[in-house]
Amino acid sequence: MLVAQSMATRLGEGRKAQIITFGCQMNERDAETMRGLLVHMGYTMTDRTDEADLILFNTCSVRENPERKVYGRVGLLKELKAKKPWLKIGICGCMPQQRAERQRIAETLPHVDLVFGTMNIHQLPELLQRVEAGERVIEVWHEEGDVVEGLPVQRLNPFKAFVTVIYGCNEHCTYCIVPTTRGRERSRRPEAILAEIRELAAQGYREVTLLGQTVDAYGNDLGDVDFAGLLYQVNRVRGIGRIRFTTSHPKHITPRLIRALAENEKVCEHLHLPVQAGSNRTLKRMGRQYTREQYLELVARIREAVPGIAITTDLIVGFPGETEEDFQETLRLVEEVRFDGAFTFIYSPRIGTPATRFPMEQWVPEDVAKDRIYRLIDLQNRITLERNQALVGQEMEVLVEEESPKEPGKLVGRTRTNKIVVFPGDPSLVGQFAWVTVTGAQTFTLEGVLTHSRVAAAV
Ligand code: SF4
């Protein structure tokens, strides 16, 4: 097999590689595969740009800002490359999937040696071999091939793992570039997913996060399994104590899936359910395929089936055509749902997406959009704080993640509802489940005291 042969050449022996990742968990998971491939080729991974012989920028296209950062940071490397002519620089991920960005990279960043897309990751060893032979390689596939299984992975976290279950997205949200950069939906076979999770459990992993742009659409292209069915199967894997998943599209949350959330004890009580806007007019223009009323009803059904579930969301303000009244509806929806948290964004036009074709006079001026996002953040922060304060006095299961980088003697963990808790404790608890009583609450963290801990044994 080509990948194996290329890796066998140990091209990276004695060389150091750095991967700089922007964007979502899918990109982080891709970086883990690239790291795995590079380590198999003999590279040593580094966080230091000045000592790297290979630097890969794993890019994101969802908003303009991360793209700008990539151009800025890669531009600065020109000097380093002049001093270290053997340095190889690559750009991968979502940016090169767009023709315009690919051209811009090729023309304006001549010191970039390698450009590849989200569907070419498995070819990395072969592409690097061509680069080392002196070729400037630009290789971006647009046709989704079969899902490639069995690639080496190097994970950074020793007890929490991302597991991609579905690639791509079939939706047509008018602001979103993802269907262009990630292609159509392709689900992995459940046997492959379960084999990976069993292996993770055997290695001591305690929590898995099932990943997909529309994770709840899992299986629609397979026909013999759906996401609810997958949750039931993953729930049976011994050793794994917690199952999370992201990101869900409201239209794929079926009654069967809600039942699966309620019935599978390892599935955590947290659902990230992007609503994006609270006005039906805006939702329609965004192509979201649900109404405000349907979303609210869905939230009510989920909360009825899974009491205490935390619901978080994504919200966009300043979408073309959004009036103050539309925005007020978003605020009212946020008040009504009382999300546990929200990622809030100002609309960022992406070349090639349908939303950029709305007439210019409908575009929301920057100062108006900024004013709206500040009001939205103020409201959501108030609600998040109130919801957190309501937890004071409760005892919660926490997976201890690390020693606090800011407060010596304290540990940081997450509840099943995905809340961050800081509490005094012994570093030996990192990687284990503990019971913590919440003693205080802020907007982004809870404080607590350890009640008791249990070793993360097989469950
Ligand atoms: S569901 Fe919509 S927002 Fe999410 S990745 Fe697909 S097109 Fe983009």
Non-hydrogen side-chain atoms of Val153 and Phe162 separated by less than 4.5 Å | no
Close side-chain approach of Glu322 and Arg285, heavy atoms under 4.5 Å = no
Got Ile121 and Leu37 here, is their nearest side-chain heavy-atom distance under 4.5 Å?
-> yes
So does Glu101 pair up with Arg350, basic N to acidic O under 4.0 Å?
-> no
Are more than 12 heavy atoms from other residues, nucleotides or ligands located less than 6.0 Å from atom CD1 of Ile351?
-> no
Exactly one of Leu211, Leu273, Leu271 clears side-chain contact (heavy atoms from CB on, under 4.5 Å) with Thr246, and that residue is Leu211
The residue among His252, Lys251, Glu185 that forms side-chain hydrogen bond (donor to acceptor under 3.5 Å, both in side chains) with Thr214 is Glu185
Hey, are the side chains of Thr254 and Asp216 touching, using non-hydrogen atoms and a 4.5 Å cut-off?
-> no
Arg414 vs Leu399 side-chain heavy atoms within contact, under 4.5 Å = no
Summary of ring pair (Phe, Tyr, Trp, His ring centres under 6.0 Å) pairs that have at least one residue in residues 204-243, sequence neighbours excluded = Phe227-Phe245
Here the pair of heavy atoms bringing Val334 nearest to Leu315 is CG2-CD1, 3.8 Å
Between Leu200 and Ala161, the two heavy atoms sitting closest are CD1-CB, 3.7 Å
Is a salt bridge present between Glu324 and Arg372, judged by a nitrogen-to-oxygen distance below 4.0 Å?
-> yes
What distance separates Gln276 CD from Ile316 CD1, expressed to the nearest 0.5 Å?
-> 4.0 Å
Kindly state each residue pair satisfying side chain to side chain donor-acceptor pair (under 3.5 Å) with at least one member in residues 302-315, sequence neighbours excluded.
-> His270-Thr312, His272-Thr312, His272-Asp314
Donor-acceptor pair, Tyr290 side chain versus Val275 backbone, under 3.5 Å?
-> yes
Work out which heavy atom in Val178 is nearest to a heavy atom in Cys169; give both atom names and the distance.
-> CG1-CB, 4.2 Å
Start with the C-alpha gap between Lys419 and Asp340, add the side-chain angles, then the distance that decides, and say whether side-chain contact (heavy atoms from CB on, under 4.5 Å) holds.
-> CA-CA 9 Å; Lys419 310 250 181 198; Asp340 287 82; 2.8 Å; yes
Test log, rule side-chain contact (heavy atoms from CB on, under 4.5 Å), inputs Leu411 and Leu450 | CA-CA 10 Å; Leu411 304 173; Leu450 188 67; over 6 Å; no
Is there a donor-acceptor pair under 3.5 Å between the side chain of Arg186 and the backbone N or O of Val147?
-> no
Is any side-chain N of the basic residue among Glu386 and Arg338 closer than 4.0 Å to the acidic one's carboxylate O?
-> yes
Checking side-chain contact (heavy atoms from CB on, under 4.5 Å) for the pair Trp435/Glu397: CA distance, chi angles, key distance, verdict?
-> CA-CA 5 Å; Trp435 285 91; Glu397 183 202 86; 3.9 Å; yes
Salt-bridge test for Arg382 and Asp378: reply yes if a basic N is under 4.0 Å from a carboxylate O, no otherwise.
-> no
Non-neighbouring partners of Tyr347 that pass ring-ring contact (aromatic ring centres under 6.0 Å, His included), sequence neighbours left out = Phe319
For the pair Arg387 (side chain) and Ala310 (backbone), establish whether a donor and an acceptor sit closer than 3.5 Å, ignoring hydrogens and angles.
-> no
Residues, nucleotides or ligands: over 12 heavy atoms within 6.0 Å of Asp367 CG | yes
Taking every heavy atom of Thr118 against every heavy atom of Cys94, the minimum-distance pair comes out as CG2-N, 4.0 Å
How about Phe339 and Ile383: do any of their side-chain heavy atoms sit closer than 4.5 Å?
-> no
side-chain contact (heavy atoms from CB on, under 4.5 Å) assessment of Ile105 paired with Val74 | CA-CA 10 Å; Ile105 291 166; Val74 177; over 6 Å; no
Where is the tightest heavy-atom contact between Pro66 and Cys60, given as atom of each residue plus distance?
-> CB-O, 4.2 Å
Could you give the distance from SG (Cys92) to CD (Gln97), rounded to the nearest 0.5 Å?
-> 10.5 Å
The side-chain contact (heavy atoms from CB on, under 4.5 Å) partners of Arg189 (sequence neighbours excluded) come to Glu191, Leu222, Asp224
Grab the two heavy atoms, one from Pro349 and one from Thr356, that are nearest each other, plus how far apart they are.
-> CB-CG2, 4.0 Å
Evaluate the side-chain proximity of Pro274 to Thr247: yes if any heavy-atom separation is below 4.5 Å, no if none is.
-> yes
Hey, could you give me the NE2/CD distance between His249 and Glu171, rounded to the nearest 0.5 Å?
-> 4.5 Å
What pairs with Glu325 under side-chain contact (heavy atoms from CB on, under 4.5 Å), at least two apart in sequence or on another chain?
-> Thr323, Gln328, Glu329, Arg332
Kindly indicate whether the side chain of Leu331, heavy atoms from C-beta on, has any atom under 4.5 Å from the side chain of Glu335.
-> no
Checking side-chain contact (heavy atoms from CB on, under 4.5 Å) against Leu230, which of Asn235, Ile166, Leu210 comes through?
-> Leu210
Any ion pair linking Glu196 and Arg155 (charged N to carboxylate O, less than 4.0 Å)?
-> yes
If you measure from the Lys or Arg side-chain nitrogens to the Asp or Glu carboxylate oxygens, is any gap between Asp30 and Arg182 under 4.0 Å?
-> yes
Is it the case that Arg104 places NZ or CZ above or below the six-membered ring of Tyr71, under 6.0 angstrom from the centre and within 45 degrees of the axis?
-> yes
Find the distance between NE2 (His172) and CD (Gln289) and round it off to the nearest 0.5 Å.
-> 7.5 Å
So with a 6.0 Å cut-off around CD of Glu265, is the heavy-atom count from everything else above 12?
-> yes
For Pro255, side-chain contact (heavy atoms from CB on, under 4.5 Å) partners two or more places apart = Arg301
Working to the nearest 0.5 Å, report the span between CD1 of Ile91 and CD1 of Ile20.
-> 10.5 Å
